[in-house]
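Some notes on the structure that comes next.
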4 protein chains.
Amino acid sequence: MEKTPSRIQKKNQATILAAGLEVFSQYGFRGSTLDQIAETAGLSKPNILYYFASKDAIYVALLSRLLADWMKPVYEINPAGDPVAEILTYAKQKLEMSRLYPAESRLFANEIIQGAPRIMDVLSGELHDTMQSLAKVIEGWIAKGDIRPVHPHHLFFSIWSMTQHYADFDKQVRAVLGDEDPFVGAEAHIEDMIRRLLTPD
Amino acid sequence: MEKTPSRIQKKNQATILAAGLEVFSQYGFRGSTLDQIAETAGLSKPNILYYFASKDAIYVALLSRLLADWMKPVYEINPAGDPVAEILTYAKQKLEMSRLYPAESRLFANEIIQGAPRIMDVLSGELHDTMQSLAKVIEGWIAKGDIRPVHPHHLFFSIWSMTQHYADFDKQVRAVLGDEDPFVGAEAHIEDMIRRLLTPD
Amino acid sequence: MEKTPSRIQKKNQATILAAGLEVFSQYGFRGSTLDQIAETAGLSKPNILYYFASKDAIYVALLSRLLADWMKPVYEINPAGDPVAEILTYAKQKLEMSRLYPAESRLFANEIIQGAPRIMDVLSGELHDTMQSLAKVIEGWIAKGDIRPVHPHHLFFSIWSMTQHYADFDKQVRAVLGDEDPFVGAEAHIEDMIRRLLTPD
Amino acid sequence: MEKTPSRIQKKNQATILAAGLEVFSQYGFRGSTLDQIAETAGLSKPNILYYFASKDAIYVALLSRLLADWMKPVYEINPAGDPVAEILTYAKQKLEMSRLYPAESRLFANEIIQGAPRIMDVLSGELHDTMQSLAKVIEGWIAKGDIRPVHPHHLFFSIWSMTQHYADFDKQVRAVLGDEDPFVGAEAHIEDMIRRLLTPD
DNA sequence: TATGAATGAGGATTCATTCAT
DNA sequence: AATGAATGAATCCTCATTCAT
């Protein structure tokens with residue numbers, strides 16, 4: 001009979017997750033210490049462990065939350081909508097997520113680069129299945145001649161990679177661009193790429 | 001009075017770098033241990049440190065070598081060549097690097113995601129300058145009407161991200177694609193995207 | 001101005017002692033945690049410490065109660081009774097205690113094996129003196145020719161060790177005996193030993 | 001291809017085991033710390049862990065060695081020898097072990113009292129089988145009328161418990177006996193008990 | 001009386017690095 | 001050029017105890 005978390009519990013758990021996100025996204029799981037997280041959260045180390053059983057538990061909690069958020073926009077693609085517009089909206093949402101939640105994106109990137117040890121099952125399961133369904137939608141649009149023939153999976157890989165790049169490789173992007181705002185140019189460029197790719201002649 | 005490195009020295013250094021690459025690219029800098037590298041290299045831990053002053057030194061040596069390799073294809077873009085072909089060739093080279101040297105790509109990604117603490121100066125210096133020159137070439141092509149107007153920097157961001165994605169997010173890509181070979185579809189898709197983007201109507 | 005303990009107080013103290021006995025006897029003092037005791041008792045950890053000042057206090061309370069129980073049968077030996085019968089009765093009582101209260105026996109064994117840091121004074125004081133008196137009784141019986149000459153102290157050591165063995169080394173005893181009930185054979189065997197030892201030819 | 005342990009390795013491992021025995025036998029597994037063992041051994045804590053993978057490994061190494069020593073005298077009982085003499089010799093050997101190696105005895109007692117989590121399989125396996133064979137020998141002697149009818153298993157339980165008592169309950173024994181040497185009286189008493197028990201009328 | 005929250009003091013273990021040979 | 005031995009500095013986690021209510 002789990003008790004409902006009290007207000008102070010919720011607040012501290014949220015604080016810890018926020019601190020964990022900040023630290024983990026920057027240093028990776030192994031590179032992050034409970035000390036860092038505790039200091040960032042403004043709590044003592046044992047108090048952190050009072051709310052989460054282990055360093056790992058914090059990381060997993062973050063990843064779970066993240067995966068849900070990360071997949072959400074996919075479900076909002078409307079098979080009955082205008083194909084190019086739907087995909088553009090999706091891409092813009094993803095880019096906006098990179099702009100607003102770069103730490104989340106980097107946490108996710110870190111996990112996958114290191115072999116996705118903790119979320120491989122979600123990738124092979126839910127993600128795989130979702131992308132299969134989505135591919136059907138894309139293929140339907142192609143069959144109707146609404147968009148040019150493209151490989152559905154690779155289309156999404158390119159959207160994911162291009163948009164997440166601005167969060168994950170932020171340091172490199174800004175080193176190249178100097179003072180220019182990355183996201184202004186990014187949005188225009190990505191929209192251009194997708195529109196040219198998909199719009200039938 | 002530096003001695004010229006003997007054959008055995010060179011061989012061991014190479015062995016250590018290869019081992020370091022394998023380990024660092026999988027577990028990140030902090031997540032990797034000298035023990036792992038020593039075992040992978042088949043050398044004793046103190047012997048590793050006989051060739052490289054520290055764990056950090058191995059990592060930095062790898063990054064330096066990597067940066068050179070990573071930038072090389074950029075210099076091979078021929079301003080006098082056919083614009084679309086030049087860029088396509090570049091993109092294919094990058095994709096081929098992701099296919100052949102995924103560990104290198106992941107090592108690089110790891111470093112940048114974590115804020116590029118060790119290569120920020122190279123990014124702000126050499127990379128920034130190189131990309132400025134390259135931008136001039138692209139803008140020249142645009143001005144001549146050889147390619148459609150695109151933002152040069154973002155063009156390269158998209159090429160980098162799309163191609164490196166197949167190395168860095170390999171686990172996710174394969175989870176989505178199942179048994180399908182990622183690189184076959186990737187090459188076609190990326191070529192399609194770039195060609196549509198750049199070819200003037 | 002000590003208040004008389006209320007009924008609920010008494011009940012909780014008893015609950016805590018029962019839980020402490022169960023936990024301490026299995027894991028030893030250092031191997032037991034207040035969390036375990038609290039969970040076994042069905043009380044919160046701070047509530048445990050409301051009734052007992054410390055983990056140590058629970059342990060000491062248990063030991064004290066235990067020592068009294070443990071010594072009681074000795075006082076019931078009747079110098080005017082039949083010598084062999086008196087000693088047999090005592091031994092059977094001790095064996096019965098091993099059968100009914102093995103946790104208590106193990107708690108006691110643990111404490112003494114580890115040097116009896118908390119009850120050394122009781123051993124050197126009350127126990128020593130009691131055994132001195134008892135030795136006099138035994139020696140009286142021997143002098144009268146009622147029992148064979150035996151060393152009184154060692155007689156009791158052998159009774160204690162043989163009977164407590166079935167509680168303390170329960171795991172080993174059952175591993176050797178398999179399904180056979182240890183206590184049935186134990187009683188016959190111990191009675192046989194003592195009777196043969198003490199009965200004059 | 002395990003290397004043969006060098007002299008220094010052997011020496012340090014022996015030192016650590018000796019220290020571990022001293023500490024574990026007094027405080028139990030959970031009550032002992034690597035710090036204590038390290039200090040007793042005169043080595044640094046990480047150096048301890050250079051020779052043994054963990055605290056647990058030291059404990060298990062001790063138990064293994066101990067079990068072998070502990071069982072050895074059983075195998076020396078000669079079915080063709082004089083029954084009473086054989087058993088008396090065995091009992092005296094066990095008592096001598098308690099005198100010379102009380103720490104080993106206490107370590108063993110500690111482990112069994114706490115449920116024998118690490119050696120249950122040896123008890124149910126090798127010990128059980130050995131005692132079955134031994135029971136056959138005893139029963140043979142009984143059948144021939146060489147010794148009185150006794151329950152073989154309980155006979156050994158009583159020998160084990162009486163002899164080990166002088167090691168395990170040393171503190172209590174000495175508290176009762178005062179300055180008297182425990183082992184002198186113990187040997188006479190135990191011999192008397194066994195002889196009376198076994199010798200046919 | 002009772003408990004959710006919090007923590008200082010450990011405690012086992014890891015690991016980059018140094019030492020001695 | 002190589003390695004067995006050794007260690008100081010973390011680092012994760014535990015736990016008895018205290019605090020606040």
Side-chain angles (χ1 to χ4, degrees), chain A residues 3 5-9 11-13 29-38 43-58, chain B residues 3 5-6 8-9 11-13 29-38 42-59, chain C residues 3 5-6 8-9 11-12 29-38 43-59, chain D residues 3 5-9 11-13 29-38 43-58:
Chain A
K3 301 234 189 72
S6 72
R7 190 164 315 147
I8 195 166
Q9 259 178 356
K11 200 195 80 188
N12 279 341
Q13 283 186 355
F29 179 72
R30 288 283 303 272
S32 303
T33 72
L34 278 180
D35 271 316
Q36 288 176 295
I37 296 172
L43 296 170
S44 75
K45 199 165 32 167
N47 202 17
I48 297 279
L49 293 165
Y50 175 75
Y51 288 100
F52 289 88
S54 64
K55 178 183 165 182
D56 203 85
I58 304 173
Chain B
K3 297 230 191 78
S6 73
I8 197 168
Q9 270 181 340
K11 202 194 84 188
N12 278 342
Q13 283 188 354
F29 179 73
R30 288 285 303 271
S32 304
T33 72
L34 276 181
D35 272 314
Q36 287 175 296
I37 296 172
L43 296 170
S44 75
K45 200 162 41 163
N47 203 14
I48 297 277
L49 292 168
Y50 173 79
Y51 288 102
F52 289 89
S54 64
K55 178 184 169 182
D56 204 89
I58 303 173
Y59 188 70
Chain C
K3 298 227 192 81
S6 73
I8 197 168
Q9 270 181 341
K11 201 193 83 187
N12 279 342
F29 179 73
R30 288 284 304 272
S32 304
T33 72
L34 277 181
D35 272 313
Q36 286 175 295
I37 297 172
L43 294 171
S44 73
K45 200 161 41 162
N47 204 15
I48 297 277
L49 292 167
Y50 174 79
Y51 288 102
F52 290 88
S54 65
K55 178 184 170 183
D56 205 88
I58 304 173
Y59 188 71
Chain D
K3 298 233 189 74
S6 71
R7 191 163 313 146
I8 196 166
Q9 259 179 355
K11 202 194 78 186
N12 278 342
Q13 282 185 354
F29 179 73
R30 288 285 305 269
S32 304
T33 71
L34 277 180
D35 271 317
Q36 288 175 293
I37 296 172
L43 295 170
S44 74
K45 198 165 32 165
N47 202 18
I48 298 279
L49 294 166
Y50 175 74
Y51 288 101
F52 289 89
S54 64
K55 177 183 167 184
D56 201 86
I58 304 173

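For the numbers below, each heavy atom of this structure counts, side chains included, while hydrogens, waters and symmetry mates do not. A note on names: the letters A, B, ... follow the listed sequences, proteins ahead of strands, and every chain is numbered from 1.
Across all strands shown, C:Leu43 has no heavy atoms under 4.0 Å from either base or sugar-phosphate atoms.
The phosphate of E:dG4 (OP1 or OP2) has no side-chain N or O of A:Tyr51 nearer than 4.0 angstrom. Between D:Tyr50 and F:dA5, a side-chain N or O to OP1/OP2 separation shorter than 4.0 Å is present. Considering only side-chain N and O atoms, A:Asn12 lies nowhere under 4.0 angstrom from the phosphate OP1 or OP2 of E:dG4.
With the 3.5 Å cutoff on both pairing distances, Watson-Crick and G-U pairs in DNA chain E assemble into runs of at least 3 at E:2-21 with F:2-21.
Nearer the 5' end of DNA chain E, as judged by each residue's closest nucleotide, is the contact made by C:Ile48, out of A:Ile48 and C:Ile48.
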Practice problem: Any chance you could list the contact pattern along nucleotides 14-21 of chain F? Use B for base contacts, S for sugar-phosphate-only contacts and - for none, protein heavy atoms under 4.0 Å, 5' to 3'. | Solution: BBBBB---
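Considering only the side chain of B:Asn47, F:dT3 comes nearest among F:dT3, E:dT3, E:dA6. Relative to the side chain of C:Gln9, the nucleotides F:dT7, E:dA6, E:dT1 differ in distance, and E:dT1 lies closest. The nucleotide whose nearest atom lies closest to any side-chain atom of B:Ser44 is, among F:dA6, F:dT3, E:dG4, F:dT3.
The heavy-atom pair separating A:Ala38 from A:Ser44 by the smallest distance is CB-C, 4.1 Å.
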Practice problem: Evaluate the criterion side chain to side chain contact (heavy atoms under 4.5 Å, CB included) for residue pair D:Thr33 and D:Lys45; output intermediate values, then yes/no. | Solution: CA-CA 10 Å; D:Thr33 71; D:Lys45 198 165 32 165; over 6 Å; no
List the atom pairs, with distances to 0.1 Å, where a side-chain N or O of residues 47-55 of chain D and a protein N or O form a donor-acceptor pair under 3.5 Å, not counting sequence neighbours.
unit_1, atom_1, unit_2, atom_2, d
D:Tyr51, OH, D:Asn12, ND2, 3.0
D:Ser54, OG, D:Asp56, N, 3.4
D:Ser54, OG, D:Ala57, N, 3.1
D:Lys55, NZ, D:Phe29, O, 3.0
D:Lys55, NZ, D:Ser32, O, 2.7

